[in-house]
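Data first, discussion second: the structure below is written as structure tokens.
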Amino acid sequence: MMAGSPASLSGQDVGSFAYLTIKDRIPQILTKAIDTLHRHKNEFFEKHGEKGIEAEKKAISLLSKLRNELQTDKPIIPFVEKFVDTDIWNQYLEYQQSLINENDGKPRWFYSPWLFVECYMYRRIHEAIIQSPPIDDFDVFKESKEQNFFESQESLIALCTHLQELRTTIEDLDENQLKDEFFKLLQISLWGNKCDLSLSGGETSSQRTNIINSVEELKPFILVNDMEHLWSLLNNCKKTREKASVTRVDVVLDNSGFELVTDLVLADFLLCSQLATEIHFYGKTIPWFVSDTTVHDFNWLIEQMKGSNHKWMSKCGADWENSIKMGRWVYHDHIFWTLPHEFCVMSQVAPDLYAELQKAHLIFFKGDLNYRKLTGDRKWACTIPFRQALRGFHPAPLCSVRTLKAEVQVGLQPGQAEQLAASEPNWMTTGKYGIFQFDGPL
Ligand SMILES: O=P(O)(O)OC[C@H]1O[C@](O)(CO)[C@@H](O)[C@@H]1O
Ligand SMILES: [Mn+2]
């Protein structure tokens with residue numbers, strides 16, 4: 001632990017959300033992954049013959065072994081399969097080992113920091129798959145992500161229709177109306193983060209009602225609301241920028257399916273309102289926390305939308321494909337997002353990524369896991385300032401847009417946490433509450 005920062009959340013704290021996640025949710029996710037491999041047996045056979053069946057068996061046995069290690073709290077073992085990030089991961093394992101003072105103590109599932117072991121678990125799933133050619137490009141979570149998209153169709157159509165109406169009237173909106181729309185789409189993107197598939201243990205979690213109508217009702221559940229700062233910043237960029245100069249907004253994506261569409265709708269609006277001129281997205285290199293967006297999910301979703309029977313949904317898909325072609329939308333991959341590191345070490349561990357983020361005028365960090373990494377997933381008092389928890393991470397003005405699904409929250413008013421806890425003991429972990437937490441220029 002670095003001087004001055006509190007201990008990490010960990011499965012050591014029996015009964016904590018971290019503990020329950022390691023004990024119940026993670027094994028459940030592993031079991032579901034094993035089941036998914038089973039169900040694709042025929043597909044593997046049709047594609048690869050006997051070799052496909054062999055590979056399926058191998059992947060399943062590796063995942064069963066992993067589940068057993070976890071449930072018996074075995075030591076965390078190094079990665080063996082060569083991949084782009086293997087060395088960095090194994091170095092990090094050694095670092096975790098070095099933090100343990102006891103003689104011969106080893107990092108273990110219920111003992112080490114939760115953020116570390118949870119990331120490690122997803123990286124081990126990936127290792128099991130890449131150790132099992134020829135099915136080494138199989139995404140065990142793909143089906144769930146696609147299901148989430150299909151189950152949210154109605155709400156997505158309403159959203160696409162809203163966006164198209166907005167696009168035709170946007171020229172006539174005055175500044176206040178534009179601001180209202182910005183706030184509305186921000187909130188839709190916030191509540192879109194309820195739909196992740198990790199909290200639900202891989203079970204479906206989609207948006208079945210029209211989210212646009214719910215925004216007003218949900219306002220009281222926003223615990224930190226820095227939307228005004230975001231508006232001032234971007235509106236100011238718009239007013240003061242020279243012709244042909246750039247306002248760049250970066251979005252560190254979270255979940256695919258419904259949430260991703262809400263992010264893309266917001267991105268579309270930022271460009272057509274001229275609040276921004278360029279949007280950069282960051283996704284995951286490997287399947288991650290069940291529902292996180294990979295480049296395949298990103299392309300798949302836009303392709304699906306383009307091919308939709310619904311006029312406005314298909315228009316969104318076509319427009320977005322065009323934005324990518326024209327370079328107004330840029331998608332980035334970086335292995336740092338699937339490492340276990342807190343963001344405060346990004347400038348050392350991934351200086352190229354840090355430098356890329358520094359080019360933004362504003363960075364959105366979507367979702368709970370990003371918040372955990374922003375704050376280091378530590379036992380901060382709820383009232384300490386956001387900036388303090390960031391511990392020097394300031395590539396550019398940034399804003400966390402997340403619903404609360406882990407026991408870490410900073411920057412609250414004195415008494416706010418106590419009041420919430422009194423009426424709802426699980427207020428931090430159900431996804432019911434949300435934040436827009438901004439950290440401005442230094
Ligand atoms: O998709 P999100 O918003 O990052 O949420 C994923 C969440 O899953 C959990 O890890 C539960 O396993 C949350 O605590 C976590 O941060
Ligand atoms: Mn996620």
Side-chain angles (χ1 to χ4, degrees), residues 8-11 13 16-33 70 109-110 113-125 139-142 144-145 148-149 189-207 251-263 281-294 297-298 301 337-338 340 342-343 364-379 399-409 426-437:
S8 304
L9 299 178
S10 145
D13 301 317
S16 68
F17 188 70
Y19 168 82
L20 292 171
T21 297
I22 301 167
K23 185 167 92 51
D24 301 328
R25 220 173 345 263
I26 293 185
Q28 191 186 337
I29 288 167
L30 275 171
T31 302
K32 224 178 163 232
L70 187 165
W109 292 89
F110 285 86
W114 173 36
L115 178 63
F116 161 49
V117 296
E118 201 175 18
C119 291
Y120 173 80
M121 198 280 296
Y122 287 97
R123 182 60 180 78
R124 281 285 299 276
I125 295 181
D139 177 350
V140 291
F141 304 126
K142 186 163 166 256
S144 322
K145 290 183 270 194
N148 170 283
F149 173 77
S189 166
L190 167 64
W191 300 121
N193 181 244
K194 273 189 185 178
C195 294
D196 87 89
L197 301 173
S198 161
L199 188 63
S200 57
E203 291 307 314
T204 123
S205 165
S206 44
Q207 180 65 41
V251 185
V252 182
L253 295 170
D254 187 3
N255 305 304
S256 185
F258 182 76
E259 180 174 358
L260 178 57
V261 179
T262 65
D263 299 334
F281 300 101
Y282 301 84
K284 307 292 196 287
T285 310
I286 63 174
W288 200 244
F289 281 67
V290 188
S291 41
D292 285 16
T293 307
T294 65
D297 303 324
F298 188 85
L301 179 129
W337 305 116
T338 48
E342 334 174 32
F343 291 164
F364 287 111
F365 284 89
K366 286 298 313 279
D368 192 70
L369 179 61
N370 277 326
Y371 192 74
R372 290 170 60 192
K373 289 185 165 189
L374 284 166
T375 58
D377 212 35
R378 292 169 184 280
K379 298 178 186 173
C399 183
S400 161
V401 180
R402 78 61 90 151
T403 58
L404 280 65
K405 304 171 205 164
E407 287 167 329
V408 53
Q409 180 59 56
N426 295 330
W427 64 281
M428 289 180 126
T429 54
T430 56
K432 173 175 169 185
Y433 293 94
I435 55 163
F436 292 103
Q437 197 157 40

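The model shown is predicted, which means the values in this text are computed figures rather than measured ones. FYI, side chains are in, hydrogens and waters are out, and symmetry mates aren't considered; it's all heavy atoms of this structure. Order of appearance sets the numbers: ligands from 1, and atoms from 1 within every ligand.
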*With a cut-off of 4.0 Å, which atoms of ligand 1 are near a heavy atom of Asp254?*
1 (O), 2 (P), 3 (O), 4 (O)
_Closest approach to the Mn ion (ligand 2) by Asp254, given as the N, O or S atom name_ = OD1
*Mind checking the NZ-OG spacing from Lys32 to Ser144? Nearest 0.5 Å is all I need.*
4.0 Å
*Numbering the atoms of ligand 1 from 1, which are under 4.0 Å from a heavy atom of Phe289?*
10 (O)
*Are Asp139 and Lys145 side-chain neighbours, meaning at least one heavy-atom pair lies under 4.5 Å?*
yes
*asked:* Closer than 4.0 Å to some heavy atom of Asn255 - which atoms of ligand 1 meet that?
replied: 1 (O)
*asked:* Between Gln409 (side chain only) and Met428 (backbone N and O only), is there a donor and an acceptor less than 3.5 Å apart?
replied: no
_Show me which atoms of ligand 1 lie under 4.0 Å from any heavy atom of Arg25._
11 (C), 12 (O)
*Taking non-hydrogen atoms only, is Leu369 closer than 4.0 angstrom to ligand 1 via side chain, backbone, both or neither?*
both
*Less than 6.0 Å separating the ring centroids of Phe141 and Trp288?*
no
*asked:* I'd like to know whether the aromatic ring centres of Tyr371 and Phe365 sit less than 6.0 Å apart in this structure.
replied: no
*Would a 4.5 Å heavy-atom cut-off, applied to side chains only, mark Asp368 and Thr403 as touching?*
no
*asked:* Out of all atoms in ligand 1, which are within 4.0 Å of some heavy atom of Glu118? Include the element for each.
replied: 9 (C), 10 (O), 11 (C), 12 (O)
_Between the Mn ion (ligand 2) and Asp292, which N, O or S atom of the residue is the nearest one?_
OD1
*Residues two or more places apart in sequence or in another chain: which of them pass salt bridge (charged side-chain N to carboxylate O under 4.0 Å, His left out) with Lys142?*
Glu146
*CG-NZ distance between Asp292 and Lys366, expressed to the nearest 0.5 angstrom*: 11.0 Å
_Close approach of Phe17 to ligand 1, heavy atoms, under 4.0 angstrom_ = yes
*Any N, O or S atom of Asn255 closer than 2.8 Å to the Mn ion (ligand 2)*: yes
*Under 4.0 Å from any heavy atom of Thr21, which atoms of ligand 1 are there?*
12 (O)
_Any N or O of Asn193 closer than 3.5 Å to N or O of ligand 1_ = yes
*Check whether any side-chain N or O of Thr293 sits under 3.5 Å from a backbone N or O of Ser256 as a donor-acceptor pair, and report yes or no.*
yes
*For Trp114, the ligand 1 atoms whose distance to one of its heavy atoms is below 4.0 Å*: 14 (O)
